[in-house]
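Notes for the one structure printed next.
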Number of protein chains: 2
Amino acid sequence: MRLVIAQCSVDYAGRLAAHLPTARRLLIVKADGSVLVHSDGGSYKPLNWMSPPCTLREEEQGDGYLWTVTNKAGEQLVITIEEVFHDTAHDLGIDPGLQKDGVESHLQELLAEQIETLGKGWRLIRREYPTPIGPVDILCRDAEGATVAVEIKRRGEIDGVEQLTRYLDLLNRDPLLAPVRGVFAAQEIKPQARVLATDRGISCAILDYEVLRGMDDPSTRLF
Amino acid sequence: MRLVIAQCSVDYAGRLAAHLPTARRLLIVKADGSVLVHSDGGSYKPLNWMSPPCTLREEEQGDGYLWTVTNKAGEQLVITIEEVFHDTAHDLGIDPGLQKDGVESHLQELLAEQIETLGKGWRLIRREYPTPIGPVDILCRDAEGATVAVEIKRRGEIDGVEQLTRYLDLLNRDPLLAPVRGVFAAQEIKPQARVLATDRGISCAILDYEVLRGMDDPSTRLF
DNA sequence: TGATATATCTCGAGT
DNA sequence: ACTCGAGGTATATCA
């Protein structure tokens, strides 16, 4: 990894065109040839960048340098460097990578394993039940044998209710499944989403991730 | 901006939990206190980070250091540093910011100017036709004089079909306009969106930005 | 490889 | 402050 602090201007031409007027910035060149241009603020997103795979061509231009980064699609990032204040290279090796815990897929796995969280005597039909407009998170049967479609979100907003409504419309056309009712399950459900769900006869369930995980086998936990 | 190359492990606890085993990495501390953890590969997204506003507390721990970055919501990024290989600070000043060109609103302007792209004899009523639930991108009449509502997206996904459906429901209550049919126009339409649109009697149109722009470019006109 | 859903999405505009 | 929509979205998963 190479770190350069330089006075530079940047132009990107690819899926769109973008220009950065001259200023002092951090340029990162990673081992795979990718380049990031960072300012001293904003968030984690660089001002401009080129994703790998790509190649960096470096040439002198006047008192400074011209960097041209090109990828396979022909997109170009052109960095005009007027002055270099810092330039170091470091060998980092390969990163072991990130372990995450608490995302939506975990909620879905845990709830599928413990479907009776939603009601006593409920049984799982399957996770990711396929339909032409996308998979239903969980399809199951309640104690009376009626079909239930469950939509799971980390944060329950209005989009999720719309999504579940579409699935219900579709599933209810299948005589083998109909009538199908819906459950909207999330760690947190926004008031607007709850109102819309209730209005459409969809019930809401709040999921407690800690409780679901606590009931799960500790040996399968990430940490 | 401070650049540190260090052997470190990282833990994030906030909206989710994440852990990075020990490895040699780049740590960036920006002027606003935000911290980025980058490896020597991947893409522009850091392995882990804390967005501003946040505060960094630095303390010695054994032979190394313990960094604790905390934001207002109580989320924490904890970096355990075993060994520091590089540590420099640089004054960058304020960045003038990015200028973008060639984005999506052009698509609407171009299609409105060339509404016959959708069908011979079609005439524009107006762009951004106002309704109580937001403006319809384009309202026009086909060769037979029937009203058509057009929703334009760069990437046609299911949300866009939902949006157009809401407009159609509303517009069809207006006796001066009804019956109104819908056209879903995008540079690219996802299969699921196409299925839903077709199911609702909405037709789909693929827009070619280059062709639309080419037709509009005075230099390429015949007269 | 292509399609799809998620994201600690980020970022900006408008209300 | 909040919502809504777009993004050079990126990223992972699954067919």
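Sequence lines set the chain letters: A, B, ... in the order given, protein chains first and strands last, and positions in each chain run from 1. Computation of the quantities below employed the complete heavy-atom set of this structure, encompassing side-chain atoms and omitting hydrogens, waters and symmetry-equivalent molecules.
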Can you tell me the distance, in whole Å, between the CD1 atom of A:Ile133 and the P atom of D:dA15? 18 Å
To the nearest Å, give me how far apart CH2 (A:Trp49) and C1' (D:dT11) are. 14 Å
Could you please name the option among C:dA5, C:dT8, D:dG5 that lies closest to any side-chain atom of B:Gln163? D:dG5
Can you identify which nucleotide, out of D:dG7, C:dC9, D:dG8, has its nearest atom closest to the B:Arg155 side chain? D:dG7
Starting from the 5' end of DNA chain C, give me the residue, A:Pro132 or B:Leu16, whose nearest nucleotide shows up first. A:Pro132
So if I take every side-chain heavy atom of B:Glu75 and compare against C:dT8, D:dT9, D:dG8, which nucleotide ends up nearest? C:dT8
Answer with base, sugar-phosphate or nothing: what part of the nucleic acid does A:Gly134 contact at a heavy-atom distance below 4.0 Å? sugar-phosphate
Nearest-Å distance, CD (A:Glu162) to P (C:dA5)? 15 Å
Under 4.0 Å between a side-chain N or O of B:Lys45 and OP1 or OP2 of C:dT8? yes
For B:Leu66, does the CG atom have more than 12 heavy-atom neighbours from other residues, nucleotides or ligands under 6.0 Å away? yes
B:Ser51, nearest nucleotide to its side chain (from C:dT10, C:dT8, D:dG8): C:dT10
Indicate, with a heavy-atom threshold strictly under 4.0 Å, whether B:Pro191 touches base, sugar-phosphate, or nothing. sugar-phosphate
What integer distance in Å separates B:Asp159:CG from C:dT4:P? 13 Å
For atom P, what is the distance between C:dT8 and C:dT4, given to the nearest Å? 22 Å
Is_stacked (A:Tyr12, D:dG8) at 5.5 Å, 30 deg: yes
Verify the distance criterion only: is there a donor paired with an acceptor across the side chains of B:His38 and A:Lys30 at less than 3.5 Å? yes
Hey, is B:Tyr44 doing a stacking thing with D:dG8, by the 5.5 Å centroid and 30° angle criteria? no
Donor-acceptor pair, distance only, cut-off 3.5 Å: does the side chain of A:Arg25 make one with the backbone of A:Cys8? yes
Touch class at under 4.0 angstrom, heavy-atom based, for A:Lys153 against every strand present: sugar-phosphate
Closer than 3.5 angstrom, by distance alone: can the side chain of A:Gln114 be matched with the main-chain N or O of A:Leu212 as a donor-acceptor pair? yes
Among C:dT8, D:dG8, D:dG7, find the nucleotide with the atom closest to the side chain of A:Arg15. D:dG8
Treating A:Asn172 as the side-chain partner and A:Val180 as the backbone partner, does any N or O pair qualify as donor plus acceptor under 3.5 Å? yes
Side-chain (A:Asn71) to main-chain (A:Cys54) donor-acceptor, under 3.5 angstrom: no
Give the nucleotide from the list D:dG7, C:dC11, C:dA5 with an atom nearest to the side chain of A:Ser43. C:dC11
NZ of B:Lys30 versus P of C:dT10: gap in Å, rounded? 13 Å
Assert: residue with more 5' nearest nucleotide on DNA chain D, out of A:Arg127 and A:Ile158, is A:Ile158
As a test of reading the structure: which of C:dT6, C:dT4, C:dT8 is closest to the side chain of A:Arg154, going by heavy atoms? C:dT8
